[in-house]
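A short worksheet on the structure shown next.
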Amino acid sequence: MENTVSNKQTDASIASKLGLNEEEFEKIKSILGRVPNFTELSVFSVMWSEHCSYKNSITYLKTLPRSGSALLVEAGEENAGLVDIGDGMACAFKIESHNHPSAIEPYQGAATGVGGIHRDIFTMGARPIAALNSLRFGDLKEAHTQHLVKGVVKGIGDYGNCLGVPTIGGETYFNDCYNQNILVNAMSIGTVKVGHTVSAAADGPGNPVFIVGSATGKDGIHGATFASADLTEDSADDLPAVQVGDPFQEKLLLEASLEAIQTGAIVGMQDMGAAGISCSTSEMSAKSGTGMRIDLNKVPTRQADMEPFEILLSESQERMLIVCKKGMEAELEAVFDKWDLECEIIGEVTDTKKLEFYFNGELVVDIPSNDLVLGGGAPVYERSFKEAAYYKELQSFNIDNIEQPKDLVQTAKDLMASPNLSSKRWIYRQYDSMVRTNSMHTNDPSDGFLIRLKGTQKAIVASVDCNASYVYADPYQGAMIAVSEAARNIACTGAKPLAVTNCLNFGNPYNPEVYWQFVNAIKGMGEACRKFDTPVTGGNVSFYNQTQLKDKVEPVHPTPTIGMIGLMEDLSHQTGLSFQNAEDAIVLLGSNKNDINQSEYLKHIHQEKMSPVPYFNLEEEANLQNLILSLIGDNKIVSAHDISEGGLFFCLLESCMNKQLGFTVSANSSIRKDALLFGECQSRIVISCRKNEVDAILQAAKNMNVEAQALGSVTNGNMYFDELDFGHVSDFINIFDSTLPSYLD
């Protein structure tokens with residue numbers, strides 16, 4: 001073979017440029033018994049990147065609860081989690097990040113993030129039925145942030161809308177720490193009949209290996225490596241590492257893949273996400289203890305003269321690798337021909353336990369498949385960590401040093417203008433939430449997002465949650481709060497939480513203070529998941545979320561996003577967050593505290609970012625959730641809304657908006673009025689109920705060791721809190737609806 005870049009010899013300096021350290025280069029030489037050529041080293045570089053190998057996180061990820069009675073596969077066994085939802089049906093779900101691509105090219109970065117997570121679902125044989133997202137941006141006053149918001153939202157909307165999967169919910173936060181390194185986390189939920197799933201396996205030596213879907217191009221090359229390094233001022237030069245998506249092609253691939261499964265011809269199937277052909281071939285082979293022999297000349301390409309390493313590392317979208325039963329090739333080809341998609345045999349399964357890639361008749365890669373993947377030869381590290389220097393500073397915060405505003409009514413209106421509290425309608429109106437007609441939350445919003453299971457009285461309820469300011473203030477407690485709020489949202493809707501997927505967004509793991517955040521967040525997450533019996537089914541870790549500026553490195557706030565699903569067994573239990581009737585009683589479940597820690601009020605009104613995590617007790621939280629599920633099951637309440645950002649006042653206000661009702665509340669509390677109104681201490685829910693149910697509800701709370709008090713009643717539009725007159729709810733709705741459009745329209 002002629003001497004090209006693909007087969008040239010390598011050394012430690014080349015390995016370093018590909019993201020591998022000297023120790024890893026030496027390990028590769030030991031595995032192969034020789035020096036790798038450039039193509040082989042490129043394959044190792046993407047497969048041993050943090051994005052693919054989890055080499056800096058797997059030790060702690062294994063401490064999370066990973067099994068449960070409802071789980072059909074354990075974490076890491078397949079592309080997504082799989083949970084039994086009864087009646088012979090299962091729910092597949094997963095959340096993943098596409099942060100760095102979205103920071104460089106927001107439209108395509110976000111769009112391909114959506115496409116990739118849906119492929120993780122339908123490659124298992126499940127049909128995607130819903131999407132959610134969790135987004136983090138910087139200062140909305142900055143033109144760059146506005147550009148990123150517009151691009152990301154349009155990318156998510158265009159891809160999901162064209163694909164025909166409803167976007168039913170999500171969350172969006174703004175904080176200066178995300179000014180350049182934004183976070184774009186996408187979640188997909190699908191359903192499948194139990195026993196009808198497809199594994200990412202490569203069983204049966206002699207079985208043909210197909211590549212189906214789009215042709216392979218040069219977009220996304222080294223995307224996994226790009227996602228495993230810091231963003232710098234020069235990161236825009238890495239634009240070719242950003243993939244380009246085509247939702248119409250994905251729709252064809254979705255339908256063709258699900259139809260092909262029905263033929264019985266498929267042994268195993270894997271989507272081509274990070275690391276492309278390198279990843280799908282190695283993971284499938286390692287899973288089955290087999291190997292593959294692949295002819296790269298047979299891979300359909302969009303561009304001429306692609307080098308072997310480019311074909312192997314390309315992350316071109318809308319592609320699948322399929323292992324077909326020998327003798328059933330025609331059945332498989334007929335399906336993909338019907339859908340007008342590429343469907344080419346590029347090799348076969350072998351019994352060698354090696355990946356052998358040929359190009360122009362030459363063997364250009366010869367690597368043991370198991371040594372590429374996690375659990376095989378991929379390196380595993382446990383980094384040193386130390387308590388973050390800022391943590392002690394947070395503990396010195398004293399609420400008595402914060403002066404209470406003289407005009408709390410005006411303060412509430414000023415706080416309403418915070419982008420974190422204002423309406424996100426500008427965002428979600430660009431998403432089709434009703435396609436396929438299963439969404440159930442549009443007319444009467446609820447804390448969790450519902451998608452009904454047609455033909456049954458059941459619904460899946462989903463939530464994505466993480467207040468990164470809380471996790472920054474205390475990674476252990478903050479991560480417990482993230483899990484708890486996700487579960488609380490599902491419980492307030494009337495469903496039992498089932499399982500978790502997570503997207504763990506952190507800075508550089510080589511930074512001991514960042515790793516301290518990571519380790520403690522995992523501990524907190526694990527403890528909360530065990531308390532709620534919500535095992536972690538999988539997800540992804542996204543390190544290196546920080547920006548390298550000329551004079552400093554700024555990690556993002558630790559953001560362990562929790563995607564959770566629950567099951568509503570009876571649609572009659574569906575509970576919205578909105579007050580429904582004037583004169584209904586309002587009851588607070590949980591106790592108020594003299595606490596404004598990390599509240600939006602403290603940050604937005606007083607410009608004080610350095611405070612501890614809000615009050616939280618996991619046992620109190622569990623009791624509260626058991627209580628709300630019991631009350632909903634007994635048909636005791638009309639509405640339920642958990643208290644989160646903005647505190648009690650904003651919880652009451654949001655409960656009023658849908659029907660433009662009001663409230664008269666007497667809190668009878670001795671704590672500071674600003675803490676009472678705007679504090680964000682945890683484990684509190686505001687419910688409305690018929691007046692004759694109040695005593696029974698208070699007794700039920702007492703029996704379950706939950707503090708509770710009757711606050712007042714629902715009114716016809718005016719809002720009174722103790723002696724304060726907040727006026728008509730419509731005054732706040734106008735502020736609520738106008739904030740984001742004032743920046744983005």
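All values below come from the heavy atoms of this structure, side chains included, with hydrogens, waters and symmetry mates left out. Please read all numbers here as calculations on a predicted model, not as lab measurements.
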* State, with a plain yes or no, whether a side-chain heavy atom of Val46 is found less than 4.5 Å away from one of Cys279. => no
* Asked: Does any non-hydrogen side-chain atom of Glu356 lie less than 4.5 Å from one of Leu363?
  -> yes
I'd like to know if the side chain of [X] reaches the main chain of [Y], judged simply by a donor and an acceptor atom lying under 3.5 Å from each other, with no hydrogens or angles considered.
{"X": "Asn37", "Y": "Thr39", "answer": "yes"}
{"X": "Ser316", "Y": "Gly217", "answer": "yes"}
{"X": "Ser369", "Y": "Leu355", "answer": "no"}
{"X": "Ser102", "Y": "Ala110", "answer": "yes"}
{"X": "Thr290", "Y": "Ala202", "answer": "yes"}
{"X": "Glu342", "Y": "Val212", "answer": "no"}
{"X": "Thr501", "Y": "Lys94", "answer": "no"}
{"X": "Lys287", "Y": "Glu77", "answer": "yes"}
{"X": "Asn297", "Y": "Asn360", "answer": "yes"}
{"X": "Thr216", "Y": "Ile311", "answer": "no"}

Closest heavy-atom pair and its distance - [X], [Y]:
{"X": "Val73", "Y": "Ala80", "result": "CG2-O, 4.0 Å"}
{"X": "Tyr515", "Y": "Glu382", "result": "OH-CA, 4.1 Å"}
{"X": "Phe210", "Y": "Cys324", "result": "CE1-CB, 3.7 Å"}
{"X": "Glu96", "Y": "Cys503", "result": "C-SG, 3.6 Å"}
{"X": "Leu254", "Y": "Pro128", "result": "CD1-CD, 3.7 Å"}
{"X": "Leu253", "Y": "Arg319", "result": "CD2-N, 3.8 Å"}

* Asked: salt bridge (Lys or Arg N to Asp or Glu O under 4.0 Å) with Lys55: which of Glu23, Glu24, Glu50?
  -> Glu24
Measure the [atom1]-[atom2] distance between [X] and [Y] for me, rounded to the nearest 0.5 Å.
{"X": "Phe44", "Y": "Ile367", "atom1": "CZ", "atom2": "CD1", "value": "4.5 Å"}
{"X": "Glu259", "Y": "Leu332", "atom1": "CD", "atom2": "CG", "value": "10.5 Å"}
{"X": "Ile95", "Y": "Asn502", "atom1": "CD1", "atom2": "CG", "value": "8.5 Å"}
{"X": "Ile182", "Y": "Thr547", "atom1": "CD1", "atom2": "OG1", "value": "10.5 Å"}
{"X": "Thr123", "Y": "Met272", "atom1": "OG1", "atom2": "CE", "value": "10.0 Å"}
{"X": "Glu318", "Y": "Leu163", "atom1": "CD", "atom2": "CG", "value": "9.0 Å"}

* **Val184/Asn133 under side chain to side chain contact (heavy atoms under 4.5 Å, CB included): CA gap, chis, key distance, verdict** => CA-CA 7 Å; Val184 176; Asn133 53 71; over 6 Å; no
* For the residue pair Tyr60 and Phe385, categorise the inter-ring angle as parallel (less than 30°), tilted (30 to 60°) or perpendicular (more than 60°). => perpendicular
Flag for [Y]-[X]: side-chain donor and acceptor within less than 3.5 Å:
{"X": "Gln317", "Y": "Asp246", "value": "no"}
{"X": "Tyr358", "Y": "Arg293", "value": "no"}
{"X": "Asn99", "Y": "Asn181", "value": "no"}

* Structure fact -> For Glu250, the side chain to side chain donor-acceptor pair (under 3.5 Å) test, sequence neighbours excluded, returns Arg119, Tyr159
* **Listed partners of Tyr107 passing side-chain contact (heavy atoms from CB on, under 4.5 Å), at least two apart** => Glu105, Lys154, Asp158
Looking at [Y] and [X], is there a salt bridge between them, counting it only when a charged N and a carboxylate O are closer than 4.0 Å?
{"X": "Glu255", "Y": "Lys251", "value": "yes"}
{"X": "Glu26", "Y": "Lys29", "value": "yes"}
{"X": "Lys218", "Y": "Glu310", "value": "yes"}

* Asked: Given the rule in the side chain to side chain contact (heavy atoms under 4.5 Å, CB included) test, do Met269 and Ile261 qualify, once you have shown the distances and angles that lead to the verdict?
  -> CA-CA 9 Å; Met269 182 162 60; Ile261 291 170; 3.8 Å; yes
* Kindly indicate, with the supporting measurements, whether the criterion side chain to side chain contact (heavy atoms under 4.5 Å, CB included) is fulfilled by Asn540 and His51. => CA-CA 8 Å; Asn540 89 308; His51 191 77; 4.3 Å; yes
If you count heavy atoms of other groups shown closer than 6.0 angstrom to [atom1] of [X], is the number above 12?
{"X": "Tyr381", "atom1": "OH", "answer": "yes"}
{"X": "Glu22", "atom1": "CD", "answer": "no"}
{"X": "Lys353", "atom1": "NZ", "answer": "no"}

* Structure fact -> Between Tyr178 and the options Asn505, Thr559, Asn545, the side chain to side chain donor-acceptor pair (under 3.5 Å) test singles out Thr559
* Applying side chain to side chain contact (heavy atoms under 4.5 Å, CB included), run through Phe357 and Val299 and close with a yes or a no. => CA-CA 11 Å; Phe357 295 110; Val299 175; over 6 Å; no
